[in-house]
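Working notes, beginning with the structure itself.
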Amino acid sequence: MEGVNVDNPQSAGIGRVRAWRRFREKAIETFFLANGLFAVLVLLAIFSMLFTEGWPALKRVPFGEWVMSTEWDPTSPVRESYGILALIVSTLMVSIGALILAVPLGIACAAYIADVAPARVREIVKPVIEILAGIPSVVVGFFGLVVLGPLLAKAFHAGNGLNGVNGSILLAVMALPTIMSVSEDAIVSVPQELKNASLALGATRWQTLMRVTLPAALSGIVASVMLGMGRAIGETMTVLMACGNAPAMPHSFLDPVRTMTATIAIELGETVQGSTHFHSLFVIAFFLFLMTFAVNLVSDIILQRVRKRMGGA
Amino acid sequence: MPNPTNHIELVTRDFSFYYGDFRALTSISMDVERNRVTAFIGPSGCGKSTFLRSLNRMNDIIPGTRVEGKVLLGGVDIYGKDVDVVDLRRKVGMVFQKSNPFPKSIFDNVAYGLRIHGERNPSAVAQRVEESLRAAALWNEVKDRLDKSALDLSGGQQQRLCIARALAVKPEIVLMDEPASALDPLATQKIEELIFELKKEYTIIIVTHNMQQAARVSDATAFFYLGELVEFDETKKIFTNPKEKKTEDYITGRFG
Amino acid sequence: MSARTRKWQEKLGFGILIAATAFVILVLIVILHDIFSKGAGVLSWEFITSKPRKGMTEGGIWPAIVGTFWVSLVTVVFTVPAGLFAAIYLNEYAAQNRLVRVIRLAIRNLSGVPSIVYGLFGFTLFIMILRINLSVLAGGLTLGLLTLPWTITASEEALKTVPMSYREGALALGATKWQTIRTNVLPYAVPGMLTGTILGLARAAGETAPILFTGAAFFWPLLPSFPKVLTSQFMALPYHLFIMATQHHAIVKVRPIAYGTAAVLIGLILIMNAAAVYIRYRFRKKYKRL
């Protein structure tokens with residue numbers, strides 16, 4: 001045996017290659033790696049599925065019509081039209097409406113839980129608010145349909161109350177937990193020394209929070225808002241049930257609106273497989289995917305940068 | 001002159017260690033003799049623990065590390081291409097600074113190494129567990145509660161359990177990384193007595209922060225400073241008549 | 001600014017934060033109270049254990065509960081191993097290289113893909129390409145893909161809670177990497193994984209969009225047994241609620257049933273969340289002793 005000192009039989013053995021064991025360890029590692037790569041595969045598969053299934057419709061309808069026209073009427077006996085601008089605008093409108101409500105509330109809650117609340121209160125408040133994240137979107141949509149809708153109808157004399165405001169309020173409820181928990185992480189991870197420095201200069205806790213802690217956590221908070229936006233854009237059931245679903249360009253928050261997600265949910269079951277209408281729903285999904293992908297990517301880049309700055313923790 | 005291979009267990013030659021670009025150890029050459037206690041001393045960050053962990057390749061699990069030079073065990077370079085690190089660690093056992101019993105029963109802790117090495121015979125396992133616990137001077141204290149959680153033992157008992165666990169797989173060398181640094185004086189004394197007993201059968205290398213401990217338990221002492229081996233000699237000589245000025249300064253408490 | 005004004009400013013500021021938090025909790029209470037108080041009217045043992053009758057205007061929701069159970073089971077059977085294995089790679093094996101960064105990026109992006117897109121993907125892959133029927137299997141696998149990124153993240157968190165010293169201790173005794181993981185890491189990650197699994201299950205059980213096109217049925221009172229159930233269409237609680245709220249021919253008449261369904265769905269999810277939190281709590285207490 002090469003390299004083994006025969007004078008010292010006790011040590012013989014460490015130089016022997018355990019080929020089988022080494023092979024088995026490598027095989028096991030490769031197996032786990034394959035499972036990790038599966039996630040990449042799924043993402044690529046989703047992307048290529050949306051593209052290939054959307055392609056027949058993209059090819060048939062001029063690209064300008066998709067993004068410039070506000071007319072969505074794929075089943076018109078006169079002239080089928082495939083403008084998704086109104087759907088995109090509606091989606092963005094209710095999502096931004098949701099953020100207008102959820103961002104201040106979410107950041108305030110996060111600041112309270114992370115920086116103000118005594119430990120005992122935090123231990124109770126945090127899990128209670130986490131329950132909110134557990135309520136299924138279909139239940140939130142139901143609540144919008146049967147409680148919020150009539151309420152809004154009465155308050156604004158706005159038809160049945162299924163409109164952009166309703167959708168925005170419900171999406172705010174859906175986006176709140178995300179905004180809150182990511183913002184809270186950001187606020188908690190602001191170094192205590194930074195806060196101490198401010199407090200030592202005679203600043204109150206409130207001044208420290210507003211002028212030191214929140215600015216230091218700003219990138220994380222921005223990322224949380226982006227993530228919340230991503231959730232709102234991609235939400236289906238709430239907007240499907242509570243927005244009224246009129247596929248036209250909304251002129252105000254009190255108009256019934258129909259989002260991209262709702263359009264897919266409503267129409268896929270009614271189309272003929274293989275028709276341009278069928279494929280056009282994949283085009284909507286493709287645009288939807290790109291929008292959420294972009295929003296999530298931006299928040300991801302921000303969060304990565306924060307993590308690096310905080311010393312890789 | 002006796003044939004050196006008969007009493008020299010471990011040899012390092014120009015051994016250097018890098019964390020990324022940072023060189024933590026520079027060109028360490030040393031011969032460790034069999035059935036003796038060799039102590040590594042030096043101020044924090046001098047590289048003594050890094051060197052210890054290099055001897056059974058525990059540093060392999062830290063990403064971005066790299067070695068140069070040789071560590072020969074029985075004439076074989078443990079960093080050689082065809083060395084199986086699993087076999088190496090079986091021959092070179094390790095006891096950590098903070099006792100780390102697994103959250104299993106006392107018996108299962110000691111039996112762990114035997115079982116992963118394929119010992120299936122329950123009576124053989126039981127016998128070896130008893131031998132190891134006796135060798136670690138723990139048997140009398142735990143023989144009636146082998147099935148109890150190891151986490152219920154005191155700190156000193158936990159550390160002796162970890163020693164028993166290391167002995168159970170019959171290593172040739174036992175590396176100890178400040179094994180008593182977290183223990184009270186009484187428990188420390190027990191560990192030191194144990195080390196004295198263990199050298200009859202094992203070669204012990206111990207890293208210690210405590211110079212009195214090194215003087216009490218070791219036969220040879222190596223003084224490390226800033227990643228270099230400053231002086232390596234018989235413990236008596238190091239503590240009474242060191243060759244190097246730096247060693248003397250450290251021993252007499254002028255720094256570190 | 002005088003010390004007094006600053007004191008008042010702080011009081012006012014904190015007051016606003018407390019008010020915001022209280023408002024969010026109030027919203028939660030209003031929703032839960034509305035669902036449970038109006039659902040309580042129809043909730044009974046019979047409602048839970050009987051089938052819908054008379055065009056779903058009477059009777060219970062048992063088939064929807066069973067359907068949700070089976071579809072969630074398929075989800076778990078798929079997602080837990082796949083998620084755990086990927087997490088083992090990321091936490092135990094992966095080095096810091098480009099491949100690993102790509103995997104992590106993919107996982108983070110998958111968790112942001114809208115649920116309706118998963119629905120479309122499941123429909124295309126399982127129904128159109130693989131020609132599986134509209135079924136529990138197709139719906140469960142679609143939900144499985146949806147929950148995969150959460151499961152990976154949760155499993156990785158669970159693996160991270162196992163102290164490094166367990167791995168070092170085993171490796172130093174000459175255990176191989178896989179032996180170390182199998183005998184000294186995974187057993188101690190189980191409670192954490194259980195928590196993550198239950199939380200993921202609770203979320204999957206409430207999802208509607210992914211099962212819209214993959215097997216959820218308007219009315220499917222049959223309760224085939226295993227394994228036939230896998231290839232059969234199914235009713236599910238969230239979909240049933242959607243139907244009862246928006247698609248039924250007598251929406252106002254069946255509103256109590258819709259409320260009852262919503263109450264049962266939320267009740268189930270709250271129980272699962274509570275179980276998960278309890279397991280996590282016990283787990284933390286156990287590890288504090290170390």
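Every chain is numbered from 1, with letters handed out A, B, ... down the list of sequences. Since this is a predicted model, take the numbers as computed values, not measurements.
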* Is the number of heavy atoms from other residues, nucleotides or ligands within 6.0 Å of CZ (B/Phe196) greater than 12? -> no

* Proximal component of C/Gln96, with respect to chain B [non-hydrogen, under 4.5 Å] -> neither

* Identify which part of C/Ala95 has an atom lying under 4.5 Å from any heavy atom of chain B, answering side chain, backbone, both or neither. => neither

* To do: Indicate the atoms forming the closest heavy-atom contact of C/Ser165 with B/Phe102, along with that distance.
  => O-CE2, 4.4 Å

* Asked: For atom CG of B/Leu186, is the number of surrounding heavy atoms from other residues, nucleotides or ligands below 6.0 Å larger than 12?
  -> no

* To do: Grab the two heavy atoms, one from B/Pro101 and one from C/Tyr166, that are nearest each other, plus how far apart they are.
  => O-CE1, 4.1 Å

* Structure fact -> So, the part of B/Val92 with a heavy atom under 4.5 Å from chain C: the answer is backbone

* To do: State whether the number of non-hydrogen atoms from other residues, nucleotides or ligands found under 6.0 Å of B/Asn121 atom CG is greater than 12.
  => yes

* Over all heavy atoms of both residues, which pair between B/Lys104 and C/Asn184 is shortest? Give the atoms and the distance, please. => CE-OD1, 3.4 Å

* Asked: What option among B/Val86, B/Val95, B/Val169, B/Leu175 has the most heavy-atom pairs under 4.5 Å with chain C?
  -> B/Val86

* Side chain to side chain, C/Lys177 and B/Ile61, heavy atoms closer than 4.5 Å -> no

* NZ of B/Lys70: more than 12 outside heavy atoms within 6.0 angstrom? -> no

* To do: Sort B/Arg115 into side chain, backbone, both or neither according to what part of it lies under 4.5 angstrom from a heavy atom of chain C.
  => neither

* Identify the heavy atoms of B/His117 and C/Gly174 that sit nearest to each other, and give their distance. => CE1-O, 3.2 Å

* To do: Return the minimal non-hydrogen interatomic distance between C/Gly169 and B/Phe96, and the atom names on each side.
  => CA-CE1, 4.0 Å

* To do: For residues B/Ala166 and C/Leu173, report the shortest heavy-atom separation together with the two atoms involved.
  => CA-CD2, 3.8 Å

